[in-house]
Amino acid sequence: MSKNLTKRAEDYSKWYNELVVKADLAENSGVRGSMVIKPYGFAIWEKMQAELDRKFKATGHVNAYFPLFIPKSYFSKEASHVDGFAKECAVVTHYRLKNADDGSGIIVDEEARLEEELIVRPTSETIIWDTYRNWIQSYRDLPILINQWANVVRWEMRTRLFLRTAEFLWQEGHTAHATRQEAEEETRMILDLYADFAEGFMAMPVIKGVKTESERFAGALDTYCIEALMQDGKALQAGTSHFLGQNFAKAFDVKYATREGKEEYVWATSWGVSTRLMGALIMTHSDDNGLVLPPKLAPFQVVIVPIYRGEDELEEINIKVSEIKQSLEQAGISVKYDNRDTHKPGWKFNEYELKGVPLRIAIGPRDLKNNSVELARRDTLQKEVVSMDGLIAKVLDELEQIQTNLYKKALDFREANMYPVDSWDEFLEVIEKKGGFAVAHWDGTAETEERIKQETKATIRCIPLKGEKEEGKCIRTGKPSTGRVIFAKAY
RNA sequence: CGGGGUGUAGCGCAGCCCGGUAGCGCGCUGCGUUCGGGACGCAGAGGUCGUGGGUUCGAAUCCCGCCACCCCGACCA
């Protein structure tokens, strides 16, 4: 068993950090709050990217790229936007270094101060809307449906691998529309796209909802989100889609001529998911033995481990495996054959379990004789000896079952940890003891929301879109409420 | 930014209180035996003790400064 991994029950946070490092996903770098994403971790991110990119393009979006640096003045144009991001911006002030006169090393050349400071983008609305102004004159120029894959920097006080790093990778969509309705539809459509991705690919159930005013994106009229529940009972915001109204069009003076020849401001949306999804993926499925990956995101879905004594046996197995590997690959399955002689089978079993490979095939002399292989599932840790005949169909079937099973397990967990609560005591019980989502009535005021946050650290994760109209009383103030919202402690 | 902690071999740590030959485990290299759940034996390699100063005959160890990272808060995707 994996002797070196801290158990979740012992110290969840430590378990997470160790897992990220030991599964070879990422590590801390010499740069404060910034991580190195290692090849295995990056391969998973690339899988996410590929599918998201496909989905964006299938819905009419195209990719483009905007500058990393944003002039400071752009930032101040949209008031609430600057308020939201000012406290966490990295600022470039100089463009040159020089050798210190006293020989003490390299120093910033004070003479090379920039006339206007550049902000390292924490998000790109401002630079993009400044650009869109020149692209849009007429209703014929709309809509603009652009996505950008990029890195952004937010100078967070405290960072954690994948969940909150100073620099992170993401995609940000920025669309421009002629009408409010069209922009709102785009916002909702992207929300659905994100939810489909989370559930269909990451096997991670999410709740679609809308943020309260105080949790809204800086500069948005509405922020929609998908919220997931992690195994420790904390919520994680997995993606957001913002309806920006005409705020940025007004701030950057982006107008278009309507069919009737009238001048109107353009309607905007923006939306994004980040490498934080990696954290979500890890904390949704993984166990005390290590990472558990849904087949749709695994860098390789099947690993084959040979069991042999001596060169001759290995040679025989190599021949058999290359046949199997080829036919698996023809069926669209990604396969790694690890016949390194430098590690023993037991070591490899543990290694690939730690790395979350969905299916493992072990093949030894016994199997060659019996025309069989040993098939082991990562999600259930169950092993079975199966015939080589029909192996491809069996593997395809197992992979599908793993994907489905992971989703179901995560969904069951979430359902079991969603508590409708109707009193303050029940609320505290959920937030402070049980963990999970407390589904409760709220009087709709920012004051009460803030008060609850101060008292319990729980925030309103979202007002669920599926929520039914239901008369009730706010759990904190007893004032009337028209529907339940979701409270939780969050990452 | 406030509180706490840690910097000693690639990794994890001991040594520091009480100054005097720099150590352990894992990993690494070589050879041999092993190989169906993290093998074993033998032989090896590897260190400006974070950094700058001070005290001392002598500093990983004592004193002062600095830097970095980690954890807990406030901030946040």
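Here the structure is a predicted model, which means the values were calculated and not measured. Below, all heavy atoms of this structure are taken into account, side chains as well, without hydrogens, waters or symmetry copies. Proteins get letters first, then strands, A, B, ... in listed order; numbering begins at 1 in each.
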Looking for any heavy atom pair under 4.0 Å, which part of the strands does [X] touch: base, sugar-phosphate only, or nothing?
X: A:L236; result: nothing
X: A:T165; result: base
X: A:Q237; result: sugar-phosphate
X: A:F168; result: base
X: A:N17; result: sugar-phosphate
X: A:R360; result: base

Check your understanding: Would you call the rings of A:F201 and A:F197 parallel, tilted or perpendicular if under 30° counts as parallel and over 60° as perpendicular?
Key ->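 The rings of A:F201 and A:F197 lie parallel, inter-plane angle below 30°.
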[N] and [M]: how far apart are their [atom1] atoms, nearest whole angstrom?
N: B:C49; M: B:C16; atom1: C1'; result: 11 Å
N: B:G4; M: B:A45; atom1: P; result: 44 Å
N: B:G46; M: B:G23; atom1: P; result: 13 Å
N: B:C24; M: B:C66; atom1: P; result: 36 Å

**Study point:** Side-chain donor/acceptor of A:K383 to base of B:G37, under 3.5 Å
**Key:**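 Side chain to base: pair present.
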Check your understanding: ring pair (Phe, Tyr, Trp, His ring centres under 6.0 Å) with A:Y132: which residues, sequence neighbours excluded?
Key ->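 Ring pair (Phe, Tyr, Trp, His ring centres under 6.0 Å) list for A:Y132, sorted by chain: A:W129, A:W135.
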What's the [atom1]-[atom2] distance between [X] and [N], to the nearest Å?
X: A:K369; N: B:G36; atom1: NZ; atom2: P; answer: 17 Å
X: A:E374; N: B:G37; atom1: CD; atom2: P; answer: 8 Å
X: A:I317; N: B:C35; atom1: CD1; atom2: C1'; answer: 10 Å
X: A:F349; N: B:C35; atom1: CZ; atom2: P; answer: 14 Å
X: A:I363; N: B:C35; atom1: CD1; atom2: P; answer: 18 Å
X: A:L314; N: B:U34; atom1: CG; atom2: C1'; answer: 15 Å
X: A:K348; N: B:G38; atom1: NZ; atom2: P; answer: 14 Å
X: A:N350; N: B:G38; atom1: CG; atom2: C1'; answer: 5 Å

Point to revise | Qualifying residues under side-chain hydrogen bond (donor to acceptor under 3.5 Å, both in side chains), relative to A:S286, sequence neighbours excluded | key: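 Once residues adjacent in sequence are excluded, A:S286 has no partner under the side-chain hydrogen bond (donor to acceptor under 3.5 Å, both in side chains) criterion.
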Check your understanding: Who pairs with A:T223 by side-chain hydrogen bond (donor to acceptor under 3.5 Å, both in side chains), at least two apart in sequence or on another chain?
Key ->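 Scan of A:T223 (side-chain hydrogen bond (donor to acceptor under 3.5 Å, both in side chains), adjacent residues dropped) gives A:H242.
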Select one nucleotide: of [options], the one nearest the side-chain heavy atoms of [X].
X: A:R366; options: B:C75, B:G36, B:C35; value: B:G36
X: A:L354; options: B:C75, B:G38, B:G37; value: B:G38
X: A:K87; options: B:C35, B:G37, B:C75; value: B:C75

Exercise for review: Can you tell me which residue pairs pass the salt bridge (Lys or Arg N to Asp or Glu O under 4.0 Å) test with a partner in residues 186-203 of chain A, sequence neighbours excluded?
Suggested key: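 Only A:D192-A:K208 qualify under salt bridge (Lys or Arg N to Asp or Glu O under 4.0 Å).
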Point to revise | salt bridge (Lys or Arg N to Asp or Glu O under 4.0 Å) contacts touching residues 226-242 of chain A (sequence neighbours left out) | key: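 For residues 226-242 of chain A: A:K211-A:E227, A:E227-A:R461.
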Under the salt bridge (Lys or Arg N to Asp or Glu O under 4.0 Å) test, which residues partner [X], sequence neighbours left out?
X: A:D379; result: A:R377
X: A:D287; result: A:R378
X: A:K296; result: none
X: A:E167; result: none

Each nucleotide N or O in nucleotides 39-43 of chain B that has a protein N or O under 3.5 Å away: list the pair and distance.
| from | atom 1 | to | atom 2 | distance (Å) |
| --- | --- | --- | --- | --- |
| B:A39 | O4' | A:K344 | NZ | 3.4 |

**Study point:** A:Y16 side chain to A:L161 backbone, donor-acceptor under 3.5 Å
**Key:**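 Checking the backbone N and O of A:L161 against the side chain of A:Y16, a donor-acceptor pair under 3.5 Å is found.
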**Study point:** Backbone of A:R309 reached by a side-chain donor or acceptor of A:E313 within 3.5 Å
**Key:**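 Confirmed, A:E313 side chain pairs with A:R309 backbone.
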Review point. Is it true that A:E323 and A:K320 make a salt bridge, defined as a side-chain N closer than 4.0 Å to a carboxylate O?
Key: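 Salt bridge flag = yes for A:K320 with A:E323.
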Practice item. Nearest-nucleotide wise, let me know which of A:K457 and A:D341 is further upstream toward the 5' end of RNA chain B. Key: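 With A:D341 and A:K457 compared, the 5'-side residue is A:D341.
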Review point. Considering heavy-atom distances to RNA chain B, does A:P306 or A:A166 have its closest nucleotide positioned more toward the 5' end?
Key: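 Mapping each residue to its closest nucleotide by heavy atoms, the 5'-most match is A:P306.
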**Study point:** Face-on cation placement of A:K77 at A:Y74 ring, 6.0 Å and 45° thresholds
**Key:**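 A:K77 over A:Y74 ring: yes.
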Practice item. For RNA chain B, determine which residues of residues 202-222 of chain A have any heavy atom closer than 4.0 angstrom to one of its atoms, and list them numerically. Key: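 Per residue number, the list is empty: none.
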Polar atoms only, N or O, under 3.5 Å: list the protein pairs with nucleotides 8-14 of chain B and their distances.
none

Practice item. Check whether any side-chain nitrogen or oxygen of A:R309 sits under 4.0 Å from OP1 or OP2 of B:C35, and answer yes or no. Key: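 Yes, such a contact exists.
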